[in-house]
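So that we are looking at the same thing, I have put the structure below in structure tokens.
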Amino acid sequence: MKIWGMIWREIAFRKLNFGLALFSVSAAVACLVGTLTLLQADERRTDRLLAEKEAEVAKAGAGLEDAIRRITKGLGFNVIILPEDQNLNEMHLEGSLSKQMPEEYVHRLAKSKIVTVNHLLPTVMKKLTWPETGLSVVLYGIRGEVPLQHRDPKKPLLDTVPEGTMNIGHHVSQKLGLRQGDETVLLDQKFSVGKVHGERGNIDDGTVWINLAKAQELLGMQNLIHAIQALECHCAGDRISQIRAEIAGILPGTQVVERGPPALARAEARDRARQSAEDALARAVASRRELRGQREAFAAVLAPLICVGAAVWIGFLMLGNVRERRAEIGILRAIGFRSSQILLLFLGKAVLFGIVGTVLGFVAGALAGASLGEMPVGLAWLQDPEAPVHFGLALSLAVALSVFAGWIPALSAARQDPALVLQEV
Amino acid sequence: MSAVLELNQIAKAHDSGNGRRVQALDGISLSVGAGEFVAVRGPSGSGKTTLLLIAGGLLAPDEGAVSIGGRDLGSMTAESRARFRAGNVGFVFQQFHLIPYLSVLHNVMTPAVAANIGDAPDRAEKLIARFGLGSRAHHPTARLSTGERQRTALARALLNRPRLLLADEPTGNLDADNAERVMAGLSDFAKNGGAVLLVTHDNNATDRADRVLLLKDGKQAGAPAG
Ligand SMILES: Nc1ncnc2c1ncn2[C@@H]1O[C@H](COP(=O)(O)OP(=O)(O)OP(=O)(O)O)[C@@H](O)[C@H]1O
Ligand SMILES: [Mg+2]
């Protein structure tokens, strides 16, 4: 028999004392581990939930962007800025414009802080008879969109047409038998056919798109344009009057015409729906984070309280045990036990209930935390690669706490004067 | 005959709590040789227990010197005194002081935890048998009769083959038959070369002693006989 044999037998003899100490260690560990598991479970659940929602919103958003692109592309630009004296009938009836304004206007607009429109596209747009073929077409000169300087660059709605290339509408291609890659001549200039657009059933079918600079040159309109096309942004309210007011302030002597509002309104509604979904998601994230923060703060206060409470409780239990065993300590000293052996007799017990208490508390806490946190079956915490680290931490903490709490009582036992008890009758 | 226990001019006063000091022992000298059985007798409060605890190194005297086997206890640290006791001194008390959570066998074996002796289990079994406790070896001590308890305590005191056996009123709680068995145990120990110091207030208990020292109010009242 060694000291540990005595420790075991004493534990078996005074089960209640050991049981109570064990309980307090287990309870403390269970509380801490349970709280941690709960927080962890909550975090996982939140992350999963948010990731799901984010994916949903992102998917919806992507679909929406796409829809808007398709709508607006089909629609074309829905705001046209024209010289004030341009007769709108000419445009509506013939698809042609005759009044001009400086190309510099588009740059002025781009440098302004305008918010109601974007995707600025300077154009010339002239109905003419293609001399080489005798076909009536609308000649459309475009260049790359002019980026608004105060905004992030956007993907252009319409790509520019490279020099020496022409894009043609369905009707033009049919009438002239032109296909992609064919060579042709317009106003004494050679072009190769780039894109051939499918049938759209509108004026586009009879349109020829070429590079703006080239169009200006062919029409003798250097640095002049007929119109600035734009896309009104998806803002709420009475858009066109806002746009007009804003543009009037920047480009006096112009008029603003709007095209195709119903499609845009639809896009706008969807856009708003997405925005509110995103807002709701952000709010959900914020409130969950806040809740978590509160729980963490609570745990940060609770943990030391539990530790101190357990330590005090264990200290008293150990003190009671020492007092109960005064005679035993006295006779052991008389028999020749060294005070280090007496110390071990008590601290060994503390180490034991520290270890056993941790194991019980860890399992109980993880189970409780997992069930409260609605973790999936199979105890996700066990699969956590950090679980052994947590267990090791809890174990060393609980053993340290038990030894610390038992230290003073054990020391008082080791220092007890054996003569005092042995004199008592 | 070489002296195992040597007490030289021992004086000890206890604090009686109210600032006064009680002179428990005053100028006691005593020598117990190997194979000798010495009894100290005196009325209650005469300082017998104090003397025994000083002899065992559990209480330090105010004055005087204690040596066991020629080694001065006063010059040792408390820890080395404990070590020394484990190998040299056995105690028997009136209250038995058995360890409640250990069986008879394990109680008898506790001195082996303090000082390693090779044949502890064998020796414990033999001592248990010798004191008629064979059938009780694995019983918890709470279920023993008082006589059995004191015999267990005596077996425990003898486990480490001490040179000196210190017994404080070992028969005080026992019936005549058990008292006789314990006294026989003590005198056997002396006959086998051990030194026994027995303190008691019981006149009958001193029959087997080679010498008797009379103590009164901490002073030697009569020269040791024999
Ligand atoms: N720790 C102590 N503190 C104060 N006084 C003490 C202490 N121990 C003993 N005394 C006193 O010292 C005196 C001797 O005590 P001791 O216990 O040695 O007597 P004793 O002869 O063993 O008595 P008894 O036969 O009743 O056991 C007594 O007067 C007692 O009251
Ligand atoms: Mg006494």
Side-chain angles (χ1 to χ4, degrees), chain A residues 1-19 21 317-318 320-349 352-353 410-425, chain B residues 12 14 24 44 48-50 52-54 56-60 77-103 105-116 120-121 124 140 142 153 156-157 159-160 162 166 168-169 172-173:
Chain A
M1 189 181 59
K2 295 262 160 24
I3 294 266
W4 285 100
M6 295 179 68
I7 292 172
W8 278 119
R9 291 180 173 92
E10 197 274 334
I11 288 170
F13 185 72
R14 296 195 183 90
K15 291 186 189 74
L16 183 65
N17 183 271
F18 187 76
L317 284 170
M318 287 288 279
N321 193 237
V322 168
R323 292 184 68 95
E324 196 178 357
R325 296 168 69 181
R326 283 177 71 232
E328 173 193 338
I329 297 161
I331 191 65
L332 289 176
R333 293 289 278 153
I335 283 173
F337 274 59
R338 278 157 279 140
S339 44
S340 58
Q341 288 179 303
I342 305 285
L343 200 66
L344 180 59
L345 198 58
F346 286 90
L347 290 184
K349 187 174 167 178
L352 278 181
F353 61 65
L411 208 63
S412 81
R415 295 216 173 134
Q416 182 189 305
D417 181 357
L420 284 178
V421 262
L422 297 177
Q423 268 169 336
E424 286 165 7
V425 180
Chain B
K12 177 75 184 175
H14 291 294
S44 182
K48 303 184 295 293
T49 298
T50 306
L52 188 101
L53 293 176
I54 287 173
L58 290 169
L59 204 57
T77 63
E79 289 304 276
S80 49
R81 261 200 304 277
R83 240 183 262 268
F84 184 77
R85 263 198 309 277
N88 296 281
V89 185
F91 283 95
V92 184
F93 295 94
Q94 182 176 5
Q95 304 88 345
F96 326 126
H97 289 310
L98 296 177
I99 299 185
Y101 54 84
L102 297 179
S103 66
L105 179 65
H106 286 133
N107 260 286
V108 173
M109 278 169 58
T110 40
V113 179
N116 249 327
R156 177 177 68 185
L159 184 85
N160 282 359
L166 299 171
D168 187 354
E169 224 65 90
N173 286 336

Identify the heavy atoms of B/T49 and A/Q423 that sit nearest to each other, and give their distance.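 B/T49 and A/Q423 have their closest heavy atoms at CG2-CG, 3.8 Å.
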Heavy-atom distance under 4.5 Å to chain B: side chain of A/I335, backbone, both or neither?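 For A/I335, heavy atoms of backbone and side chain both lie under 4.5 Å from chain B.
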Counting distance only, does the side-chain N/O of B/Q95 pair as donor-acceptor with the main-chain N or O of A/A327 below 3.5 Å?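 No, because the side chain of B/Q95 does not come within donor-acceptor range (under 3.5 Å) of the backbone of A/A327.
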If you count heavy-atom pairs under 4.5 Å with chain B, which of A/P418, A/A334, A/G5, A/S340 comes out on top?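 Most pairs with chain B among the choices: A/A334.
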Quick one: does B/H97's side chain get under 4.5 Å of A/V421's, heavy atoms only?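 They are not in contact (no side-chain heavy atoms under 4.5 Å apart), so the answer is no.
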Chain B contact via A/L420 - side chain, backbone, both or neither, heavy atoms under 4.5 Å: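 Looking at A/L420, nothing touches chain B.
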Quick one: pull up CG in A/L332 and CD1 in B/I99 and give me the separation to the nearest 0.5 Å.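 Here the interatomic distance stands at 4.0 Å.
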Any idea which heavy atoms bring A/R9 and B/L102 closest together, and the distance?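 Looking at all heavy atoms of both residues, the shortest contact is CD-CD2, 3.4 Å.
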Can you tell me how far apart CZ (A/R338) and CZ (B/R85) are? Round to the nearest 0.5 Å.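 Reported to 0.5 Å precision, the distance equals 11.5 Å.
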Can you tell which of B/G172, B/A112, B/P100, B/A120 has the highest number of heavy-atom pairs within less than 4.5 Å of chain A?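 Of B/G172, B/A112, B/P100, B/A120, B/P100 has the most heavy-atom pairs under 4.5 Å with chain A.
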Is B/R156 in contact with chain A via its backbone, its side chain, both, or neither, using a 4.5 Å heavy-atom distance?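 The answer is the side chain of B/R156.
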Less than 4.5 Å to any heavy atom of chain A: does that hold for the side chain of B/L58, its backbone, both, or neither?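 Interface part for B/L58: both.
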Does any heavy atom of chain A fall under 4.5 Å from the side chain of B/T110, the backbone, both, or neither of them?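 Both parts, heavy atoms under 4.5 Å.
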Are the charged groups of B/E79 and A/R333 less than 4.0 angstrom apart, N to O?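 Salt bridge flag = yes for A/R333 with B/E79.
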Nearest heavy-atom neighbours spanning A/M6 and B/Y101: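 Nearest heavy atoms, A/M6 then B/Y101: O-CE1, 3.4 Å.
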Structural part of A/E10 lying under 4.5 Å from a heavy atom of chain B: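 Contact with chain B involves both backbone and side-chain atoms of A/E10.
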